[in-house]
Amino acid sequence: MALPRQPKILLAAVGLVCIIGLFTFRLHSRDAFFATRPGYLSPNRIPTLSQKTGQLDPEAHKLPSADSFRAHFNALTRVKNITVAEAKAGCHWPQDEDVNFQFSADAEWVVTDRPDDEINSRRKAWQEYIQGKMIPWEKVKDKFEGRGVVILAGNRDTAMHLKVVLRRLTMLRSKIPMEIHYWGDEMNKATREDLASLYQPTSFNDLSQPHNIIQVKKDGPFINFQLKTAALINSKFAEPLLLDSDNVPVLDPATLYDSHVYQEYGTVFWPDIARSWPQNPAWAITNTPCRMDEYEQESGQLMVGKQRYWYHLQLAAWLNNEEGKYYNEFLLGDKDMFRFAWHALKTSYGRPKKWLTSVGVLNDDYYCGHSFAQYHPDDGRVAFLHGGLAKSTALEVMRWNKEEKGGYFRHYKRAPTDEDPAQIVHVGIKFDGATYKPNHTEDFKVAMCTDMRDLEVGNLDDILPGWEKEYEELGGYWMLEQETTAKQTLARNN
Ligand SMILES: *[C@@H]1O[C@H](CO)[C@@H](O)[C@H](O)[C@H]1NC(C)=O
Ligand SMILES: *[C@@H]1O[C@H](CO)[C@@H](O)[C@H](O)[C@H]1NC(C)=O
């Protein structure tokens, strides 16, 4: 049947409008994805991808490059949005189960769920960020090369911790390059030379300088979490391994890149000791139902390939920096921004087969855990010893352990279920109850400890033979040596 003349023209006009519309829409979304930033030109070559279909890729972690995530990212806005109530339903521990949650049960957002309109607007914000405001991989890919360790160092104490790490790498005969990030005057030339003399190749990057890809501000003299994501992004390495300065590698970090986990996922995120509350707004904001088989992330060490995850890292940095005031209320600084960025972008991350082991001392039947042993991604070899709480220990307690009890690294507690993250281990943070001096009083609290209740204490030599001695040889007890020197100086001057 022939159409009358008028509607034919109308149809043609509608068709033309549609084609123009589609064309401009595509142009628009393409430009938005590769938003131009000051100092960044549009890329020469736009990757051709199946953005028409725009399906979520359940195996997104196997995508070969940052730009191959485009269709996947476009599909994220079509994912069903979940409410806080729906996110909470993912975790259903019994009411009386003693789960070790990060943040107290009295926190306002733990007591009262955040309203869904707040969740919606925060979700909208990160979705707009990934659609339109990220730095294209094309613009930066030539800036990165190779593998290496990235450490953020600042004040005097972190430089002292860092020396232990550098001596350890030398002892391991590691060849992995080291890049130390600092902020402006915080590290002077003499300190840099001193550090570089301990290990080679070592290079430095000043995060306060304009050459950095992302610029961050530092506020106050204390821990600046935003500097960690910045160090990772601004690092010259294509495959950085981020390490805290008080985290001593037990194995040569270079060998971790060969692990099956890293090879498959292009990331390794190590677990922390606590879990996230089901009502943590980050679950709903990232459209991720709460997970019972997941610990928080312990970002004292992490590995990530930028070639695949350049956009993921930018989202983590954005959550940490631009939105940090909001998120820091329920995510501790940088540590969980990575995990939730990966959740938001519906991408699995690599995690080690084993959960952490607590390392510490047993005195008077009282176990005090002060460090975490973190494992090789594939097996049961300890890869790192992270001194978390050791920093806060009173020096006399450390000295008493070392000089009178045979060491500060003597015992450990490991869950027999440490390969199943869904198993609950009863964990607590407490004060050391051991009598370290004859005149010890209950009120004089001298060390914060982690404990894993109900678990047997083991001898550290069974999993890390000779560590106490090695740690001493590495100069790990520098704080005790400093104290001794200070006392001698004082005595001489009197
Ligand atoms: C989910 O929410 C975001 C922002 O809150 C919105 O842009 C998106 O269209 C929503 N998706 C669906 C499928 O409703
Ligand atoms: C313990 O006793 C010693 C000497 O008897 C004293 O110098 C020290 O201050 C006392 N410490 C505490 C915590 O009371």
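Just so it is clear, the structure is predicted and the values come from calculations on it, not from any experiment. In each ligand, atom 1 is the first atom listed, and ligand 1 is the first ligand listed.
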For [atom], closest protein heavy-atom neighbour:
| atom | result |
| --- | --- |
| atom 13 (C) of ligand 1 | Val79 O, 3.4 Å |
| atom 5 (O) of ligand 1 | Asn120 O, 3.1 Å |
| atom 8 (C) of ligand 1 | Thr77 O, 3.6 Å |

What heavy-atom pair brings Cys368 and Met448 nearest, and what distance separates the two atoms?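 Scanning both residues, the minimum pair turns out to be SG-O, 4.1 Å.
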Phe269 and Tyr349: CA distance, side-chain angles, deciding distance, ring-ring contact (aromatic ring centres under 6.0 Å, His included) verdict: CA-CA 7 Å; Phe269 294 171; Tyr349 59 84; 5.0 Å; yes
I'd like the name of whichever of Leu76, Asn287, Asn81 reaches closest to atom 11 (N) of ligand 1 through any heavy atom.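 Answer by nearest heavy atom: Asn81.
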Would you mind finding which of Arg122, Gln127, Glu128 brings a heavy atom closest to atom 7 (O) of ligand 1?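 It is Gln127 whose heavy atom sits nearest to atom 7 (O) of ligand 1.
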Of all the atoms in ligand 1, which lie at a distance below 4.0 Å from a heavy atom belonging to Arg78?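 Atoms satisfying the 4.0 Å criterion: 13 (C).
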Residues Asp244 and Lys228 bridged, charged N to O under 4.0 Å: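 Looking at Lys228 together with Asp244, the answer is yes, because their closest N to O distance falls below 4.0 Å.
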Yes or no on side chain to side chain donor-acceptor pair (under 3.5 Å) for His386 and Gln374, after CA distance, side-chain angles and deciding distance? CA-CA 8 Å; His386 190 185; Gln374 293 280 18; over 6 Å; no
Please say whether Lys80 places an N or O atom under 3.5 Å from an N or O atom belonging to ligand 1.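 No; the residue has no nitrogen or oxygen that sits under 3.5 Å from a nitrogen or oxygen of the ligand.
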Taking atom CG of Asp185 as the centre, report whether more than 12 heavy atoms of other residues, nucleotides or ligands fall under 6.0 Å from it.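 Check fails, neighbour count at 12 or below.
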Can you list the steps and then say if Trp270 with Phe372 is a ring-ring contact (aromatic ring centres under 6.0 Å, His included)? CA-CA 11 Å; Trp270 274 265; Phe372 290 151; over 10 Å; no
